[in-house]
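Basis for what follows: all heavy atoms, side chains included, without hydrogens, waters or symmetry-related copies. For clarity, every value in this text was computed on a predicted model and none was experimentally measured. When a ligand or atom number is given, it counts from 1 through the structure's own listing order.
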Amino acid sequence: MSDTVSRLGQVLVVCAPSGTGKSTLISKLREEFPNFGFSVSYTTRAPRGDEQNGREYNFVSRETFVAMRSQGEFCEWAEVHGNLYGTATAPVNKMLDEGKDVLFDIDVQGAKQLKKTFYKGNFIFLLPPSREELTRRLVGRGTDSEESIAKRLANAQGEIAQADFFDYWIVNEDLEQAYQEFRAVFMAGALKPELRTDVEATILKEWED
Ligand code: ADP
Ligand code: 5GP
């Protein structure tokens with residue numbers, strides 16, 4: 001077994017009004033960095049498109065969700081667009097303990113709750129370039145009903161009003177540019193001293209009195 005010390009995992013939280021391109025950017029990051037730990041949320045909503053249970057979400061009934069919530073299994077949860085969503089604490093802590101970076105795709109209410117537990121995490125807000133373009137993307141995605149799109153657009157207003165909470169703002173106009181910015185935040189986050197157990201165990205050790 002190798003005795004190499006690795007750095008600690010970072011917490012990367014990404015929020016965006018629905019339709020901005022958050023899933024698209026997260027997929028690109030996970031493709032480039034396959035070792036990323038992804039916090040697979042629990043939700044009471046039905047699977048969309050080719051979503052698979054355990055991959056994009058753990059799809060559960062409202063009864064199961066409520067039971068998990070009352071047993072204190074979630075570090076955050078929220079009702080979004082009429083469905084319940086939550087992050088189970090145990091799998092996240094396991095990934096972080098293993099030194100994996102963990103990515104959270106959650107809504108703004110959830111991010112605010114998560115900040116209490118992971119206050120040193122990097123909290124990123126993605127913005128659509130305009131209201132018109134957000135509408136176009138939601139319609140173009142072809143996965144939501146007219147009613148659901150209207151709900152998502154109404155919600156966007158409230159989310160954008162809370163943009164000040166975040167550490168970074170990335171406008172997803174040109175996908176490649178937005179991806180490079182997203183990647184840069186991740187790369188810089190991994191260099192923070194509090195995560196650098198690798199440097200402490202090697203270089204800093206060599207310089208100890
Ligand atoms: P979210 O996860 O934020 O709800 P998606 O990743 O599903 O959003 O993206 C919504 C739609 O917008 C998808 O059809 C996606 O292909 C498209 N999209 C994402 N980023 C861009 C971009 N920079 N320019 C144009 N279309 C985009
Ligand atoms: P969608 O139904 O489009 O996949 O997600 C709707 C919203 O719920 C998105 O903003 C997404 O980030 C958010 N969401 C997904 N999982 C969680 C979660 O575990 N907790 C919270 N608070 N929001 C979540």
Engineer: For the pair Glu133 and Arg136, evaluate salt bridge (Lys or Arg N to Asp or Glu O under 4.0 Å) and give the outcome as yes or no after the intermediate values.
Structural biologist: CA-CA 5 Å; Glu133 176 60 17; Arg136 202 174 7 247; 2.8 Å; yes
Engineer: Students should be able to answer this: which protein heavy-atom is nearest to atom 8 (O) of ligand 1, and at what distance?
Structural biologist: Gly21 N, 3.1 Å
Engineer: Can you pull out the closest protein heavy atom to atom 27 (C) of ligand 1? Residue, atom name and distance to 0.1 Å, please.
Structural biologist: Arg137 NE, 3.6 Å
Engineer: Looking only at distances, can you tell me whether any N or O atom of Gly140, backbone or side chain, sits closer than 3.5 Å to an N or O atom of ligand 1?
Structural biologist: no
Engineer: Just jot down the ligand 1 atoms closer than 4.0 angstrom to any heavy atom of Ser18, in number order.
Structural biologist: 4 (O)
Engineer: Out of all atoms in ligand 1, which are within 4.0 Å of some heavy atom of Thr24? Include the element for each.
Structural biologist: 5 (P), 6 (O), 9 (O), 15 (C), 19 (C)
Engineer: Considering only the protein, which heavy-atom contact is closest to atom 7 (O) of ligand 1, and what is its distance?
Structural biologist: Arg141 NH1, 3.0 Å
Engineer: Please state whether Arg152 comes within less than 4.0 angstrom of ligand 1, counting heavy atoms only.
Structural biologist: no
Engineer: So which residues get pulled into Leu204's cluster when ILVMFWY side chains under 4.5 Å apart are joined, directly or through others?
Structural biologist: Val199, Ile203, Trp207
Engineer: Please list, in number order, the atoms of ligand 1 under 4.0 Å from a heavy atom of Glu173.
Structural biologist: 22 (C), 23 (N), 24 (N)
Engineer: Tell me whether the rings of Phe104 and Phe118 are parallel (<30°), tilted (30 to 60°) or perpendicular (>60°).
Structural biologist: tilted
Engineer: Is there at least one pair of N or O atoms, one from Glu133 and one from ligand 1, spaced under 3.5 Å apart?
Structural biologist: no
Engineer: Taking the side chain as every heavy atom from C-beta outward, state whether His81 and Ser18 have any atom pair closer than 4.5 Å.
Structural biologist: yes
Engineer: Sequence neighbours left out, what pairs pass side chain to side chain donor-acceptor pair (under 3.5 Å) with at least one residue falling in residues 177-190?
Structural biologist: Glu32-Tyr179, Glu32-Arg183, Glu176-Gln180, Gln177-Glu181
Engineer: Please, which pairs that meet side chain to side chain donor-acceptor pair (under 3.5 Å) have at least one residue in residues 111-120, sequence neighbours excluded?
Structural biologist: Lys112-Gln162
Engineer: Using a strict cut-off of under 4.0 Å between a residue heavy atom and any atom of ligand 2, list the qualifying protein residues by chain and number.
Structural biologist: Lys22, Ser41, Arg45, Arg48, Tyr57, Glu76, Ala78, Val80, His81, Tyr85, Gly86, Thr87, Asp105, Ile106, Asp107, Gly110, Arg152
Engineer: Ligand 1 and Gly19, any nitrogen or oxygen pair closer than 3.5 angstrom?
Structural biologist: yes
Engineer: Kindly compute the distance separating OG1 (Thr44) from CG (Leu84), expressed to the nearest 0.5 Å.
Structural biologist: 4.5 Å
Engineer: What atoms in ligand 1 come closer than 4.0 Å to a heavy atom of Leu175?
Structural biologist: 20 (N), 23 (N)
Engineer: Among all protein heavy atoms, pick out the one at the shortest distance from atom 2 (O) of ligand 1; state its residue, atom name and that distance to 0.1 Å.
Structural biologist: Ser23 OG, 2.5 Å
Engineer: Heavy atoms, side chains only, cut-off 4.5 Å: are Asp198 and Ser6 in contact?
Structural biologist: no
Engineer: What about the rings of Phe165 and Phe125, do their centers lie closer together than 6.0 Å?
Structural biologist: no
Engineer: Do any N/O atoms on Lys22 end up under 3.5 angstrom from N/O atoms on ligand 1?
Structural biologist: yes
Engineer: How close does the nearest protein non-hydrogen atom get to atom 20 (N) of ligand 1, and which residue and atom is it?
Structural biologist: Asn172 ND2, 3.1 Å
Engineer: Mind telling me whether Phe186 and Phe36 have parallel, tilted or perpendicular rings, with 30° and 60° as the class edges?
Structural biologist: tilted
Engineer: Between atom CD of Glu51 and atom OG1 of Thr43, what is the distance when rounded to the nearest 0.5 Å?
Structural biologist: 9.0 Å
Engineer: Does any non-hydrogen side-chain atom of Ile170 lie less than 4.5 Å from one of Leu25?
Structural biologist: no
Engineer: So do Thr202 and Val5 actually touch side chain to side chain, heavy atoms under 4.5 Å?
Structural biologist: no
